[in-house]
Amino acid sequence: MTQPNATTAERLWTYDAVRVGQAGGETRVTLSAEDIAEYAACAQNPDPRYSMPAPGQGAGPIIAMPTMALTYAPLLRDEIAEANGFVAQESSLTNRRQTPFAKCEMRWYRPVRSGETLTGARRVYQKYERRGSKFVTFRVSAFDEAGAVVASYDYTCIFEYSAGQQSVPDASAASAPYADIAAIPDPAQFLTWENALAGTPLPRTLSVGETTENILRKNAHRLAGRPSESNIHTDEEFARQNIFGGAVNAGPATMSYVDRFIGLNVPPEALYNGGNLVMRAITPFRAGDVVTFSGEVTGTGGNLYGQRKVQCRIRGVNQRDELVCLSDATLSFG
């Protein structure tokens, strides 16, 4: 008697099985000051705005880093697959493979603070093919207790990739710059509307080093959904079988470093009050790498609500002079 095909029996959530509109369950998270401080620590961000208040300073709410929306309203694509009767490829017992981060676009509508309860909703937004690879984009929205959207993002994964496996670079091939561990914002150095001319460099750069310990810490910081103990960020053996040829950090982690870089150049309100950020992953960010972020103004303008907008291009380059990520931010200056 013919045995059923194991892959078919498992109902893998492959690109062909993905349908626009497939949704996962809602999540609900009440943010604590400790949650916000831990996210900032994982982002290697010593900015005191995101730290626990010191004794005697009161216990009022603290603001969250803008990209923390990726944690309090996480993607949870394995749970979207399960809600629609499928097994995510990362969870497969028969044909396990990764669907890695390609890019993410985030939008913000107001600041988020400790003590708030936020509901996350997620669904398949679109799927498309480009240069032989197949991509799926998910839309995740975070709502406050009044039902208003506070942030949303479109997260794109590579479900099938045409390029061959990348090689892991020689760690000794180039000397890395020192990471800016203690860099914190200085309002006197902030970009202003008056000096935001096209071609103007952003006032400060930022070098961020990645470590295995920090990758594991970021993976463990989860406020909703099931933990992921084995993936291309934490499991070297599994990672070697996938496109990057070895373990790498997560796209949302790199995005949090871009957030930290932006926070050295403008106040967080520039994102929170109607700003947006698009980040594209170009080259893997691996443990041992140091990536230096820099940016420049690419344009200015306004909108129908009288807000003054500044567009910026941000580049993250590692110690081997490889472009790790390319980002475009729209900043709001009131």
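Note that the numbering runs from 1 along the sequence shown for the chain. Since we're looking at a predicted model, the values are computed, not measured.
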Quiz item: Which of these passes salt bridge (Lys or Arg N to Asp or Glu O under 4.0 Å) with E160: K127, R97, K134, R131?
Solution: K134
Quiz item: Please walk me through it: do E116 and Y72 pass side-chain hydrogen bond (donor to acceptor under 3.5 Å, both in side chains)?
Solution: CA-CA 11 Å; E116 294 197 61; Y72 60 69; over 6 Å; no
Quiz item: Among side-chain atoms of S256 and D259, is any donor-acceptor pair under 3.5 angstrom?
Solution: no
Quiz item: Are L264 and M68 connected, step by step, through hydrophobic side chains (Ile, Leu, Val, Met, Phe, Trp, Tyr) whose heavy atoms are closer than 4.5 Å?
Solution: yes
Quiz item: Hey, is CG on D186 packed in by over 12 heavy atoms from elsewhere, all under 6.0 Å?
Solution: yes
Exercise. Evaluate side-chain contact (heavy atoms from CB on, under 4.5 Å) for R77 paired with V136, printing each intermediate quantity in order.
Key: CA-CA 11 Å; R77 59 183 176 270; V136 175; over 6 Å; no
Exercise. For the residue pair F333 and V266, establish whether any side-chain heavy-atom pair is separated by less than 4.5 Å.
Key: yes
Quiz prompt | Y15/T99 under side-chain contact (heavy atoms from CB on, under 4.5 Å): CA gap, chis, key distance, verdict | solution = CA-CA 10 Å; Y15 180 82; T99 54; over 6 Å; no
Quiz item: What are the two closest heavy atoms between K309 and G275, and how far apart are they?
Solution: NZ-N, 4.4 Å
Practice problem: Might you point out which heavy atoms bring G225 and E79 nearest each other, and give the distance in Å? | Solution: CA-OE2, 3.3 Å
Quiz item: So do the side chains of I262 and L331 get within less than 4.5 Å of each other, counting heavy atoms only?
Solution: yes
Quiz item: To the nearest 0.5 Å, how far apart are CD1 in I282 and CG in L323?
Solution: 5.5 Å
Quiz item: Who else is in F143's hydrophobic cluster (ILVMFWY, side-chain heavy atoms under 4.5 Å, direct or via others)?
Solution: Y109, V149
Practice problem: Output all residues satisfying side-chain hydrogen bond (donor to acceptor under 3.5 Å, both in side chains) with T137, sequence neighbours left out; order by chain, then residue number. | Solution: T156
Self-check item: Expected output: side-chain N249 to main-chain A287 donor-acceptor under 3.5 Å
Solution: no
Practice problem: Spell out, as yes or no, whether a donor-acceptor pair under 3.5 Å connects the side chain of T205 to the backbone of S294. | Solution: no
Practice problem: Looking only at non-hydrogen atoms, find the nearest pair between R122 and G25 and report the distance. | Solution: NH1-O, 2.8 Å
Quiz item: For the atom pair OG1 (T292) and CZ (R315), what is the distance rounded to the nearest 0.5 Å?
Solution: 12.0 Å
Self-check item: Any donor-acceptor pair under 3.5 Å from S114 side chain to I62 backbone
Solution: yes
Exercise. Go through the steps for Q319 and D289 under the test side-chain hydrogen bond (donor to acceptor under 3.5 Å, both in side chains), then give the verdict.
Key: CA-CA 7 Å; Q319 71 272 20; D289 284 349; 3.1 Å; yes
Quiz item: Are any non-hydrogen side-chain atoms of W108 and T67 less than 4.5 angstrom apart?
Solution: yes
Self-check item: Any F101 side-chain heavy atom under 4.5 Å of M279 side chain
Solution: yes
Quiz item: Going by heavy atoms in the side chains, are R320 and T283 under 4.5 Å from each other?
Solution: no
Practice problem: Decide yes or no on side-chain contact (heavy atoms from CB on, under 4.5 Å) for L191 and N195, but give the supporting numbers first. | Solution: CA-CA 7 Å; L191 179 75; N195 61 23; 3.2 Å; yes
Quiz item: Is V150 linked to L70 within one hydrophobic cluster, defined over Ile, Leu, Val, Met, Phe, Trp and Tyr using a side-chain heavy-atom separation of less than 4.5 Å?
Solution: yes
Exercise. Could you pull out all residues at least two apart from R217 that satisfy side-chain hydrogen bond (donor to acceptor under 3.5 Å, both in side chains)?
Key: E38
Quiz item: So, the side chain of R49 versus the backbone of I63: is there a donor-acceptor pair under 3.5 Å, distance only?
Solution: no
Self-check item: Nearest-0.5 Å distance that lies between atom OG1 in T300 and atom CZ in R308
Solution: 10.5 Å
Quiz item: With a cut-off of under 6.0 Å to the ring centre and 45° to the axis, is R260 in cation-pi contact with F293?
Solution: no
Quiz item: Considering all heavy atoms of both residues, which atom of Y153 and which atom of P74 are nearest to each other, and what is their separation?
Solution: OH-C, 3.3 Å
Self-check item: Shared hydrophobic cluster for W193 and V297 (ILVMFWY, side-chain gaps under 4.5 Å)
Solution: yes
Self-check item: Any side-chain donor near an acceptor of the partner, E10 and T94, under 3.5 Å
Solution: yes
Self-check item: Which residues share a side-chain hydrogen bond (donor to acceptor under 3.5 Å, both in side chains) with D180, sequence neighbours left out
Solution: none
Practice problem: Return yes when atom CZ of R28 has more than 12 non-hydrogen atoms of other residues, nucleotides or ligands closer than 6.0 Å, and no otherwise. | Solution: no
Exercise. Give a yes or no on whether L223 and L76 share a hydrophobic cluster (residues Ile, Leu, Val, Met, Phe, Trp, Tyr; joining criterion: side-chain heavy atoms under 4.5 Å apart).
Key: no
Quiz item: In Å, rounded to the nearest 0.5 Å, how long is the span from CD of Q189 to CG of L202?
Solution: 12.0 Å
Quiz item: What are the two closest heavy atoms between G209 and Q44, and how far apart are they?
Solution: O-NE2, 2.9 Å
Exercise. Tell me, yes or no, whether the heavy-atom count around Y128 atom OH, taken from other residues, nucleotides or ligands under 6.0 Å, exceeds 12.
Key: yes
Quiz prompt | Side chains of T117 and V29 in contact at under 4.5 Å (non-hydrogen atoms) | solution = no
Quiz item: Less than 4.5 Å apart, any side-chain heavy atom of V18 and any of W13?
Solution: yes
Practice problem: Would you please name every residue forming a side-chain hydrogen bond (donor to acceptor under 3.5 Å, both in side chains) with D154, sequence neighbours left out? | Solution: R107, R139
Quiz item: So how far is it from C325 SG to K103 NZ, rounded to the nearest 0.5 Å?
Solution: 14.5 Å
Self-check item: side-chain contact (heavy atoms from CB on, under 4.5 Å) assessment of E296 paired with C312
Solution: CA-CA 6 Å; E296 70 172 23; C312 299; over 6 Å; no
Self-check item: 4.5 Å side-chain heavy-atom contact, N273 and P111
Solution: yes
Quiz prompt | ILVMFWY clustering at 4.5 Å (side-chain atoms), partners of V278 | solution = none
Practice problem: Specify the closest pair of heavy atoms between R204 and F261, including all atoms of both residues, with the distance to one decimal. | Solution: O-CE1, 3.0 Å
Quiz item: Do I314 and M255 sit in the same hydrophobic cluster, where Ile, Leu, Val, Met, Phe, Trp and Tyr count as joined when their side-chain heavy atoms come under 4.5 Å apart?
Solution: yes
Quiz item: CZ/R110 to OH/Y272 distance, rounded to the nearest 0.5 angstrom?
Solution: 9.0 Å
